[in-house]
Amino acid sequence: MPKPPFDQAELFADAARRAASFRETLPNRLQRPLADYAGMLRRLAAPTPETGLPADEVIAVLDAQMQPGLHAMAGGRFFGWVIGASHPVGVAADWLTSAWGQNAGNHQASPAAAAVETVAAGWLLDLLGLPREASVGFVTGATVANFVCLAAARSEVLRRVGWDVEADGLFGAPPIKVVIGDDAHTTVFSALQLLGLGHDRVVRVATDPQGRIEAEAFAVALKAGEGPAIAVLQAGQINTGASDPFRRLIPFAHRHGAWVHVDGAFGLWARASTQTAQQVDGVDEADSWATDGHKWLQTPYDCGYAIIRHGKAHRRAMTAAASYLPEVADGERDPSHFVPELSRRARGFASWAMIRHLGRSGIAAMVARHCALARRMAERLQAEPGIAIVNQVCLNQVAVRFGSDLPMAEGDALTQAVIARLQADGTCFAGGAKWRGLAIMRLSVISCATDDEDADAAVAAILCAWRACRG
Ligand SMILES: *Cc1c(COP(=O)(O)O)cnc(C)c1O
């Protein structure tokens, strides 16, 4: 092999130094990008390079050019969306993953990548209290995890009525009824759309004020009509953190022959702490579960898990036989049999490293700490006149309403003004959402970097923004 015209060790060391100095800025960095998308496009726009740039220069230019458009998502005062913080151990494991250059397609190509997935999958099932026989696909995130799980569901409910959807497709197939809660995450609807099940062709079921499916409405929806059915439940509603009443819903759905899928992108991790496990009691009775590594487990992006009780349905939905691929013997596992892709990143390494680093007790403590911080922030905010917390803070999500004593339109305008002011200030970052028709500020406490001091600084900044807006 020709020697690269640069010092590889020096190149990697330079990248590591740059990464470390970025991370060191996080505690004091503004919690917002300095440049917006349009500004970054202007900054980066350039003709296609005709000639190359030396290795060290490329990395230096990349680092310098991107800085203004980076958001301190891995910092402790980032409360926007539901986003994990790319823990340093996961990042280091991910560097090795890239450096090793493993194609995680099959177990002969990379025995390490395949075996580490098998082991990390076993740990995941144990930590989340899911059936040990379930199979796990390592995917990009919960969106694709929902897709994979629902593909297996589609396969199995149609197989039971004698239809082979993998071979024959959906044209002419018996219709599948999809029952789903009114407050399900948008990405589940995306998955249904990709699978030919339609995002509007579903039976939407009423939910309670926390976004949990109403058991009566669920029963009515499932009882109506016959034939193949899939019920989609949720652990961790994105605005409230609340989970569906699994103990009641799942056995009922099973009695009516439905496959039960649970979107638990972050909420499934409530299982990992004894303080919150009760909220998702009975979730292990489902047929499939989607969850993320890059949220509460703090792996770097991209990392999610499609977990399916019925391994055969999982493989059937994801595997198209190809003659050039080696046969798999009993007890062997090819990572590509459980995901849509053949060639892909070996996500098992970072998953393994994060679980090995935190351990069961560390994960439990982190989940409990985030929930305690969410309650503390909610209590302090609620003590201020004109601020209301509109959800029961049962997990890590806080929905905040400003001008709560004012008419709706005024409260909406004030809430949006507070969010804009907070974002401009940059002490902490939180975004907006709509909940039950009202504008809210949504706080997600899910960064491994967040501590008491961060939470208190965020509360102080939010109160300051509120006092300035209310005039
Ligand atoms: C984040 C989230 C998703 C989507 O997960 P990605 O990892 O962004 O693909 C789906 N459902 C819920 C409840 C989520 O919080």
Side-chain angles (χ1 to χ4, degrees), residues 71 73-74 78-86 90 94 124 128 136-151 180-195 199 202 207 210-213 231-244 246 260-272 276 279-280 283 286 288-307 339-341 344-345 347 350-351 354 367 370-371 374 391 394-399 430-431 433-435 440 442-447:
H71 205 150
M73 289 177 171
F78 185 89
F79 301 95
W81 303 288
V82 186
I83 281 183
S86 297
D94 225 30
L124 270 173
L128 297 173
V136 182
F138 287 63
V139 293
T140 51
T143 303
V144 175
N146 280 321
F147 168 80
V148 171
C149 291
L150 290 168
I180 186 166
D182 230 353
D183 291 304
H185 197 267
T186 51
T187 58
V188 181
F189 295 95
S190 311
L192 292 169
Q193 165 183 333
L194 291 170
L195 287 163
H199 56 69
V202 295
T207 49
Q210 299 303 309
R212 290 178 293 235
I213 288 179
V232 182
L233 310 183
Q234 178 168 255
Q237 206 284 332
I238 196 105
N239 291 312
T240 66
S243 296
D244 288 327
F246 301 116
V260 180
H261 169 64
V262 176
D263 174 13
F266 64 100
L268 203 54
W269 292 87
R271 290 281 273 184
T276 45
Q279 292 177 34
V280 286
V283 74
S288 59
W289 305 262
T291 196
D292 267 318
H294 58 217
K295 287 181 180 173
W296 237 333
L297 189 56
Q298 314 289 330
T299 68
Y301 289 89
D302 55 20
C303 189
Y305 314 107
I307 308 173
V339 298
E341 305 90 349
R344 70 167 163 87
R345 184 166 193 78
R347 301 185 180 101
S351 301
M354 280 314 302
V367 168
H370 286 149
C371 296
N391 66 320
C394 57
L395 208 62
N396 64 325
Q397 301 293 113
V398 187
K434 275 250 167 195
W435 180 243
I440 56 164
R442 187 173 62 202
L443 300 170
S444 302
V445 188
I446 196 162
S447 159

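Just so it is clear, the structure is predicted and the values come from calculations on it, not from any experiment. One-based numbering, in listed order, for ligands and for the atoms of each.
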- [ ] State, without any angle test, whether D302 and H294 hold a side-chain donor-acceptor pair at a distance under 3.5 Å.
- [x] no

Check side chain to side chain donor-acceptor pair (under 3.5 Å) between [X] and all other residues, then give those that pass, not counting sequence neighbours.
{"X": "H370", "result": "W296"}
{"X": "N391", "result": "none"}
{"X": "T291", "result": "W269"}

Open item on the list: Residues around ligand 1, heavy atom under 4.0 Å from any ligand atom, sorted by chain and number. Can you pull those?
Closed with: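 Residues within 4.0 Å of ligand 1: G141, A142, T143, H185, T187, G236, I238, D263, A265, F266, D292, H294, K295.
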
Task: Exam field: side chain T276 to backbone A270, donor-acceptor pair closer than 3.5 Å - done: yes

Open item on the list: Whether the side chain of Q237 engages the backbone of A242 through a donor-acceptor N/O pair (distance < 3.5 Å, no angle test) should be reported.
Closed with: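 No; judged by distance alone, with no hydrogens or angles, the pair does not exist.
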
